[in-house]
Amino acid sequence: MHALPIRAVLAVAAATAFAACAPRKPVTAPSPASDPRNRLKAGLFDAAEYTSNLKVVAKAVSPKGFLGETNSDLAFTGNYVIQGNYNGPVVWDISNPSAPKLVVAYECPASQNDVSVYKNLMFMSAEAMNGLVDCKPGGVKDVVSKDRVRGVRIFDITNIREPKLVANVQTCRGSHTHTVLEDPKDKDNVYIYVSGSSGIRPAGELAECVAAPSGDANSSRLRIEIIKVPLANPAAAAVVGRANIFAGLGAAVSHGASPADKAEMDAAKAKGAFTIMIPAMNEEMVLPNQFVKPVLDSIVKARGATTATAADTAAARPVVTALVTRMLAAQGMDKPPAVATTVSEGSQCHDITVYPALGLAGGACEGHGILLDISNPVAPVRLDAAADSNFAYWHSATFNNDGTKLLFSDEWGGGGSPKCRPLDKPEWGANAIFSIVNKKLVFQSYYKIPTYQTTNENCVAHNGSLIPIPGRDVMVQSWYQGGISVFDWTDGAHPKEIASFDRGPVDSTRMEMGGSWSVYWYNGNIVSSEIARGMDVAQLVPSEFISQNEIDAANTVKWDYLNAQGQPKISWPPSFALAKAYTDQLERKGCVAPAKIGDIRAKIAGAEKATGGARNAALAALVTDVEGSRSCDPAKVDLLKKALQDLQALAM
């Protein structure tokens, strides 16, 4: 999630001024207009729900002191889920996924408090002005203070019930998010790529921060700060590099208001809302009440009345407009921007997903999607970059498992706005899927959830991860109050939703923040961080899109820990479920005769029942037999043969 700059500016200004393939039919709808998710009953805890091809097995409610604070990102270690929260990390035990147990809620206020793990270490981002170096509440009142932390906190979680703060690594633009990089060539350290979106800190607070133009070697602009964490002494973690991956990029391109935005603006004006045009953004917005109320109250009071009339409102409009115009001028936002030809000096990455096994990273960097070579972790090199006028804010990135595709999400509206309305374009606030060809990004298609959400539901593409369905690219992704969506992007040009879970709006009368911040697959469970309520746990169920065998094969993948932005290479242990899954995929493709599919299944079942030499002989014969189906899908047949051969090796 990212804050909209103009809203931040106006908020500060206001404060200053005023203080086996199942045969059943899919239950996903064929088009957004008829999708049953469109009109669900509202409620924070009692909203109507809709599920398609998965089941929700648990809904955990945030503990006291954390409920009502924003829940953010997730990390996993052992049987534990670590959930970020603006008041500190919350740890859940999901040994029994149907009954998560609260382990600890550790008070340590800041935002976004995104979390990640490595063995006995936990890392947490801090960017807000209220973070104290000792994790205590109360905030920091001074504009410049050595007591403030804006960077990455490091905890020892050897005893996960009692996290111990061992270091605060300060960075020049804070840490909105961060990424843990495990370099396969360096077993003594881990590295952290820091994505900070705040302004550059004053030198009085952090001496190495320099607000000079990005061309200056010492500048803090356009830099990814890189932290090295010695595993033997994490307290000695420090910034060891500042990489400029933006140099030479052109200006970002984007789009203006959507037809839905324009319609809502017209409706607001018809109801008498106060609006202002922001010249620097060429965008009109409805003014928050804190700008209007003091002016209107003073006019009413001046004539000795208590209730505003139409004349009072008319008299207030030019006064409010003049007040806000002066505020915009003070921020340099009262004039149209010059036509830019190069990347903005304020640019930064929002999220960086690293794929250490391939030496690659995907940087979702506000105005660009960037492919990086990270073979040298302290000196990442840009291989390619993409810009797209349909994208407003490049937010996060996910590789497919073989590293031939890269998906970027667009957080149009900053995560706090309704962007899945009927008049919103399906290319806006969506995912963009690219093939990686000779280390270059080649656009394939967009994917957006095939449903409409109301104007009271913040909805846009957000965080997700791969589900290890063998032989396919399947991903689960959060869409805030658009719920969670599971989609297949094996064919990058034609992604398709195959499962979903959604709830009605938090509030039926106004926009209230809520929904899924992030959702990731971990050891058989789909875990969603619900912003306003707590945490949901779901599991896939078989459908015509995913067979039980594919689910069983996915569930053989077990991780000791997971950070979704540190993408692991997925490998499947030998299992009969794996061979059956590939057989189901050949059947789904429709180019192997049903009788032949039945024969392959029968022989796999026979081999599974056999033992020792008999099993080995049956598997060897089956490897030869399936070769006859090669013309259907050579790559899939090879995967099936390898799965059978791996089982054969186990039987020896």
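Quick note: numbers below take in every heavy atom, side chains included, and nothing from hydrogens, waters or symmetry partners.
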Q: Can you name the closest pair of heavy atoms from Arg153 and Ala126 and give their distance?
A: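 That would be NE-CB, 4.4 Å.
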Q: Can you tell me if Glu550 uses its side chain to pair, donor with acceptor, with the backbone of Ser547 under 3.5 Å?
A: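 Side chain of Glu550 to backbone of Ser547, a donor-acceptor pair under 3.5 Å: yes, one is there.
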Q: Mark yes or no for whether Ser198, through its side chain, and Arg173, through its backbone, hold a donor-acceptor pair below 3.5 Å.
A: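 Present.
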Q: When the ring centroid of Trp559 is compared with that of Trp521, is the distance short of 6.0 Å?
A: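 Yes.
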Q: Among Tyr106, Tyr118, Phe123, find the residue that satisfies the ring pair (Phe, Tyr, Trp, His ring centres under 6.0 Å) test when tested with Phe155.
A: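 Of the listed options, the one satisfying the test is Tyr106.
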Q: With distance as the sole test, does Glu225 use its side chain to make a donor-acceptor pair with the main-chain N or O of Ile192 at under 3.5 Å?
A: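 No; judged by distance alone, with no hydrogens or angles, the pair does not exist.
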Q: When you look at Ile467 and Met475, which way does the side-chain contact (heavy atoms from CB on, under 4.5 Å) test go after all the steps?
A: CA-CA 5 Å; Ile467 299 176; Met475 180 172 171; over 6 Å; no
Q: Is it true that, when you exclude Lys558 itself, more than 12 heavy atoms of the residues, nucleotides or ligands shown sit nearer than 6.0 Å to its NZ?
A: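 Check passes, neighbour count above 12.
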Q: Has Asn401 got a side-chain atom pairing as donor or acceptor with Ile570's backbone, closer than 3.5 angstrom?
A: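 Judged by distance alone, yes, a pair lies under 3.5 Å.
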Q: Are the side chain of Arg503 and the backbone of Gly515 linked by a donor-acceptor contact shorter than 3.5 Å?
A: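 Checked: no pair found.
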Q: Go through Asp424 and Trp412 one step at a time and tell me if the side-chain contact (heavy atoms from CB on, under 4.5 Å) criterion holds.
A: CA-CA 11 Å; Asp424 290 326; Trp412 170 41; 3.4 Å; yes
Q: Tell me if the centroids of the rings in Tyr561 and Phe76 come within less than 6.0 Å of each other.
A: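 Aromatic pair excluded; centres sit 6.0 Å or further apart.
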Q: Given the side-chain rings of Tyr480 and His462, with only the six-membered ring counted for Trp, is the space between their centroids under 6.0 Å?
A: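 Aromatic pair counts; centres sit under 6.0 Å.
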Q: Check this for me, if you would: do Asp261 and Arg421 make a salt bridge, where the nitrogen-to-carboxylate-oxygen distance has to be below 4.0 angstrom?
A: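 Salt bridge flag = yes for Arg421 with Asp261.
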Q: Tell me if the CG atom of Asp560 is crowded by more than 12 foreign heavy atoms within 6.0 Å.
A: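 Not buried by this count: 12 neighbours or fewer within 6.0 Å.
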Q: Has the side chain of Ser529 got a donor or acceptor atom that lies under 3.5 Å from a matching backbone atom of Ser72?
A: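 Judged by distance alone, yes, a pair lies under 3.5 Å.
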Q: Are Phe66 and Tyr86 close enough that their ring centers fall under 6.0 Å?
A: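 No, they do not, as the ring centres are separated by 6.0 Å or more.
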Q: Does NZ or CZ of Lys419 fall inside the cone over Trp428's six-membered ring, less than 6.0 Å from its centre and within 45° of the axis?
A: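 No cation-pi geometry.
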Q: Start with the C-alpha gap between Ser197 and Glu127, add the side-chain angles, then the distance that decides, and say whether side chain to side chain donor-acceptor pair (under 3.5 Å) holds.
A: CA-CA 8 Å; Ser197 58; Glu127 187 175 69; 3.1 Å; yes
Q: In Å, rounded to the nearest 0.5 Å, how long is the span from CD1 of Ile224 to OH of Tyr193?
A: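 If we round to the nearest 0.5 Å, Ile224:CD1 and Tyr193:OH are 7.5 Å apart.
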Q: When rounded to the nearest 0.5 angstrom, what is the spacing between CD in Glu162 and CG in Asp156?
A: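 Going from CD on Glu162 over to CG on Asp156, the span is 11.0 Å.
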Q: How long is the span from the OG1 atom in Thr353 to the CD atom in Gln567, to the nearest 0.5 Å?
A: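 Rounded to the nearest 0.5 Å, the OG1-CD separation comes to 6.5 Å.
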Q: State yes or no: are the ring centers of Tyr447 and Phe487 separated by less than 6.0 Å?
A: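 That pair passes the under 6.0 Å test.
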Q: Could you please spell out the steps behind the side chain to side chain donor-acceptor pair (under 3.5 Å) verdict for Asn431 and Gln477?
A: CA-CA 10 Å; Asn431 299 318; Gln477 185 179 23; 2.7 Å; yes
Q: May I ask you to decide whether Arg37 forms a salt bridge with Glu497, counting only side-chain N to carboxylate O separations under 4.0 Å?
A: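 Salt bridge present between Arg37 and Glu497.
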Q: Please check: side-chain N/O of Asp536 versus main-chain N/O of Lys59, any donor-acceptor pairing under 3.5 Å?
A: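 Looks like no, no N/O pair under 3.5 Å.
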Q: Ignoring hydrogens and angles, tell me if any N or O in the side chain of Ser175 forms a donor-acceptor pair with the backbone of Val152 under 3.5 Å.
A: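 The answer is no, because no donor-acceptor pair under 3.5 Å joins these two groups.
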Q: Got a donor-acceptor contact below 3.5 angstrom from the Asn53 side chain to the Ile498 backbone?
A: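 Yes, because the side chain of Asn53 sits within donor-acceptor range (under 3.5 Å) of the backbone of Ile498.
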Q: Taking Asn168 for the side chain and Val133 for the main chain, is one N or O donor matched with an acceptor at less than 3.5 Å?
A: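 Side chain of Asn168 to backbone of Val133, a donor-acceptor pair under 3.5 Å: yes, one is there.
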